[in-house]
Novice: 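Handing you a structure now.
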Amino acid sequence: MHEQTLAIHAGYEKDREGTMAVPIYQTTAYEFRDTKHAADLFELKELGNIYSRLMNPTTDVFEKRFAALEGGEAAVGTASGMAAIFYAIANVAEAGDNILVAKQVYGGTTTLTGHTIKRFGIETRYFDIHNPSEIEELIDERSKLILFESITNPSIDVADFDAIVAIATRHGILTCVDNTVATPILCKPLALGCDLSLHSASKYTTGQGLAIGGIIVERKNLVDAIKGNVRYAHFNEPDESYHGLIYSELALPLFTLRVRLSLLRDLGASPSPFNSWLYIQGLETLPLRMRQHSSSALAIAKFLESHPKVKKVNYPGLESDSNYALGQKYFHGGHSGLLSFEVADKQTAQRIADSTEIFALVVNIGDSKSIITHPASTTHQQLSAQELIDAGVPGGLVRLSVGIEDTQDLIEDLRNALG
Ligand SMILES: *Cc1c(COP(=O)(O)O)cnc(C)c1O
């Protein structure tokens with residue numbers, strides 16, 4: 001089936017009532033047929049609903065639909081994008097291990113990997129997304145994950161998938177892509193050879209800035225990369241917290257299953273059924289919206305490029321952009337609504353962000369409503385001067401999340417704000 005059809009139908013089988021819209025299963029728990037049924041569910045002899053911290057029928061549709069769009073085997077929803085990132089890390093790494101992370105990542109990912117998980121004994125080693133060969137020197141036997149964004153926020157760089165996947169494959173290390181900005185519509189990391197992808201569902205998935213959520217997707221046959229791999233011994237040895245279950249011996253998608261049975265069980269950042277329902281509504285129009293976001297952003301990038309007050313525009317759809325070739329290679333149907341541009345200095349950037357009328361001054365992306373952000377004073381405010389440079393966020397940088405209003409109205413708004 002084609003993408004637009006999957007976006008509308010995947011993962012949902014109509015219930016007894018023939019309900020067209022996916023119902024919201026607003027429930028904490030589920031009745032077992034009898035004690036044997038209950039025991040079978042807990043032992044995974046039969047798969048089914050136990051408790052909504054672990055699974056929920058509405059969330060299940062969201063997960064299946066997202067996995068279908070991303071071309072993955074299975075997915076697990078989380079309460080936020082940050083929870084998805086933390087769980088992806090915590091599912092592979094423990095104290096004494098290290099992970100390899102691109103320097104150019106979302107601000108929350110920088111603080112999570114650079115500070116929070118350090119206190120859990122997990123070390124982060126950073127590489128430059130422009131120079132993936134750096135990864136090779138950072139790897140040792142305790143390296144557990146390579147984490148990067150398909151298109152970075154806010155520096156707007158496109159990852160060189162082939163180069164990163166080649167290194168990961170050579171060393172038997174899992175790759176995990178934060179594909180939030182690209183969405184499954186514009187880029188498919190799993191088809192490019194990556195093992196895992198994750199998203200903040202708070203962005204383009206709802207599309208209207210309605211709810212905080214996240215999701216992790218695993219590729220088909222991920223077991224092949226994990227079974228017998230000493231880096232992932234905990235997937236190959238009995239899990240004492242689950243009666244000696246050995247994940248790599250199950251005929252089930254093992255990565256997302258372990259997130260569910262271990263991390264959601266013990267840490268519990270699961271999505272609410274209502275929020276999952278909102279994501280399902282959003283996914284229905286995701287392909288349509290991504291095309292509009294992308295074509296509008298390209299027109300705006302071209303306008304900005306021709307403006308005398310703009311020093312530089314970062315958008316992979318522009319032929320002048322250093323990411324143009326990678327964008328053409330790895331993206332299909334557009335490059336999202338996210339772009340950034342540089343003006344003379346911090347004051348000028350702040351004045352522009354304060355002057356737009358349609359573009360709202362908000363720290364969010366992926367909304368139908370256009371957004372303008374000054375990263376150095378907001379999303380990246382907690383970063384040191386060096387971290388700002390590493391993340392590619394100079395003081396004069398302005399970020400736009402182009403919505404789906406009329407393109408000409410948006411250009412006029414920016415023309416007036418630039419003055
Ligand atoms: C927003 C965002 C996150 C964090 O997601 P939340 O849902 O806000 O927790 C992670 N990565 C990227 C690229 C994001 O844009």
Side-chain angles (χ1 to χ4, degrees), residues 59 62 66 70 75-90 99 101-117 124 129 145 147-159 176-187 189 194 196-217 263 267-272 275-276 278-279 282-283 286 290 293 297 314 316 331 335-340 362-367 371-373 375 378-383 391-393 399-403:
T59 301
F62 164 53
F66 210 110
E70 192 92 343
V76 59
T78 54
S80 69
M82 288 318 301
I85 297 172
F86 177 65
Y87 285 2
I89 296 168
I99 58 168
V101 180
K103 278 180 196 163
Q104 298 83 354
V105 281
Y106 179 70
T109 310
T110 303
T111 47
L112 170 69
T113 56
H115 301 279
T116 303
I117 62 168
T124 301
I129 197 75
L145 192 68
L147 175 67
F148 60 100
E149 296 177 2
S150 44
I151 184 164
T152 64
N153 163 19
S155 58
I156 329 287
D157 291 303
V158 177
C176 179
V177 182
D178 182 336
N179 200 30
T180 299
V181 176
T183 78
I185 307 307
L186 305 179
C187 179
C194 296
L196 304 158
S197 67
L198 55 82
H199 294 254
S200 164
S202 326
K203 312 294 170 52
Y204 286 117
T205 304
T206 82
Q208 296 171 316
L210 298 177
I212 299 290
I215 193 157
I216 304 173
V217 188
L263 299 173
L267 302 171
S270 30
S272 84
N275 285 357
S276 295
L278 291 173
Y279 310 139
L283 288 179
L286 188 65
M290 291 320 292
H293 281 292
N314 303 308
F331 278 61
H335 299 87
S336 91
L338 203 65
L339 63 94
S340 63
V362 172
V363 286
N364 192 17
I365 59 165
D367 197 316
I371 290 170
I372 189 164
T373 311
T378 53
T379 48
H380 289 63
Q381 192 257 332
Q382 283 131 53
L383 270 56
V393 186
R399 185 186 74 191
L400 300 180
S401 171
V402 176

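As the structure lists them, so they are numbered: ligands from 1, and atoms in each ligand from 1. Keep in mind that this is a model prediction, so the values were computed, not measured.
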Novice: State the atoms of ligand 1, each with its element, that fall below the 4.0 Å cut-off from a heavy-atom position in Gly213.
Specialist: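 Numbered from 1, ligand 1 contributes 7 (O).
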Novice: What is the nearest protein non-hydrogen atom to atom 4 (C) of ligand 1, stated with its residue, atom name and distance?
Specialist: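 Looking at atom 4 (C) of ligand 1, the protein heavy atom closest to it is Tyr106 CE2, 3.5 Å.
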Novice: For ligand 1, is any non-hydrogen atom under 4.0 Å from Ile365's backbone (N, CA, C, O), its side chain (CB onward), both, or neither?
Specialist: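 The answer is the side chain.
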Novice: For Val105, is there any backbone N or O sitting under 3.5 Å from a side-chain donor or acceptor partner on Thr152?
Specialist: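 No; judged by distance alone, with no hydrogens or angles, the pair does not exist.
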Novice: Considering only the protein, which heavy-atom contact is closest to atom 1 (C) of ligand 1, and what is its distance?
Specialist: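 Result: Lys203 NZ, 1.4 Å.
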Novice: Using a 3.5 Å distance criterion without hydrogens, assess whether the side chain of Thr373 forms a donor-acceptor pair with backbone atoms of Val362.
Specialist: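 Here the side-chain-to-backbone pair exists.
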Novice: When you measure from atom 13 (C) of ligand 1 to every protein heavy atom, which one gives the shortest distance, and what is it?
Specialist: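 For this ligand atom, the closest protein heavy atom is Asp178 OD2, 3.4 Å.
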Novice: Are the side chains of Asn153 and Arg399 in contact, using a 4.5 Å heavy-atom criterion?
Specialist: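 In short, these two side chains touch, coming nearer than 4.5 Å.
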Novice: Ala201 near ligand 1, heavy-atom distance under 4.0 Å?
Specialist: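 False for this residue.
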Novice: Heavy atoms, side chains only, cut-off 4.5 Å: are Ile117 and Thr124 in contact?
Specialist: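 Of all side-chain heavy-atom pairs linking Thr124 with Ile117, at least one is under 4.5 Å.
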Novice: Does any N or O atom in Val181 lie less than 3.5 angstrom from one in ligand 1, N or O only?
Specialist: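 In this structure, Val181 places no N or O atom under 3.5 Å from an N or O of ligand 1.
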Novice: Please check whether Ser200 reaches ligand 1 - meaning an N/O of the residue sits under 3.5 Å from an N/O of the ligand, judged on distance alone.
Specialist: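 Between Ser200 and ligand 1, an N or O pair is found under 3.5 Å apart.
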Novice: Suppose I only count heavy atoms of Gly81 and a 4.0 Å limit; which atoms of ligand 1 are within that range?
Specialist: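 Numbered from 1, ligand 1 contributes 5 (O), 6 (P), 7 (O), 9 (O).
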Novice: Name the orientation class of the two ring planes belonging to Phe66 and Phe62 (parallel below 30°, tilted from 30 to 60°, perpendicular beyond 60°).
Specialist: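 Because their plane-to-plane angle is over 60°, the rings of Phe66 and Phe62 count as perpendicular.
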Novice: Going by heavy atoms in the side chains, are Asn179 and Cys187 under 4.5 Å from each other?
Specialist: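 A side-chain contact under 4.5 Å exists here.
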Novice: Return yes if some donor-acceptor pair links the side-chain N/O of Tyr106 with the main-chain N/O of Met82 below 3.5 Å, else return no.
Specialist: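 Not a single qualifying donor-acceptor pair exists.
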Novice: For Ile85 and ligand 1, does the shortest N/O to N/O distance drop below 3.5 Å?
Specialist: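 No; every N/O pair is 3.5 Å or more apart.
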Novice: Does ligand 1 come near enough to Glu149 that some N or O of the ligand is less than 3.5 Å from an N or O of the residue?
Specialist: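 It does not: no N or O of Glu149 is found under 3.5 Å from an N or O of ligand 1.
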Novice: Does any non-hydrogen side-chain atom of Thr59 lie less than 4.5 Å from one of Tyr279?
Specialist: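 A side-chain contact under 4.5 Å is absent here.
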Novice: Can you name the atoms of ligand 1, numbered from 1 with element, that are less than 4.0 Å from a heavy atom of Asn153?
Specialist: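 Within the 4.0 Å cut-off of Asn153, ligand 1 contributes 15 (O).
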Novice: Would His199 and Tyr204 satisfy ring-ring contact (aromatic ring centres under 6.0 Å, His included), going step by step from the backbone distance to the final call?
Specialist: CA-CA 10 Å; His199 294 254; Tyr204 286 117; over 10 Å; no
Novice: What protein heavy atom sits nearest atom 7 (O) of ligand 1, and how far off is it?
Specialist: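 Closest protein heavy atom to atom 7 (O) of ligand 1: Ser202 OG, 2.5 Å.
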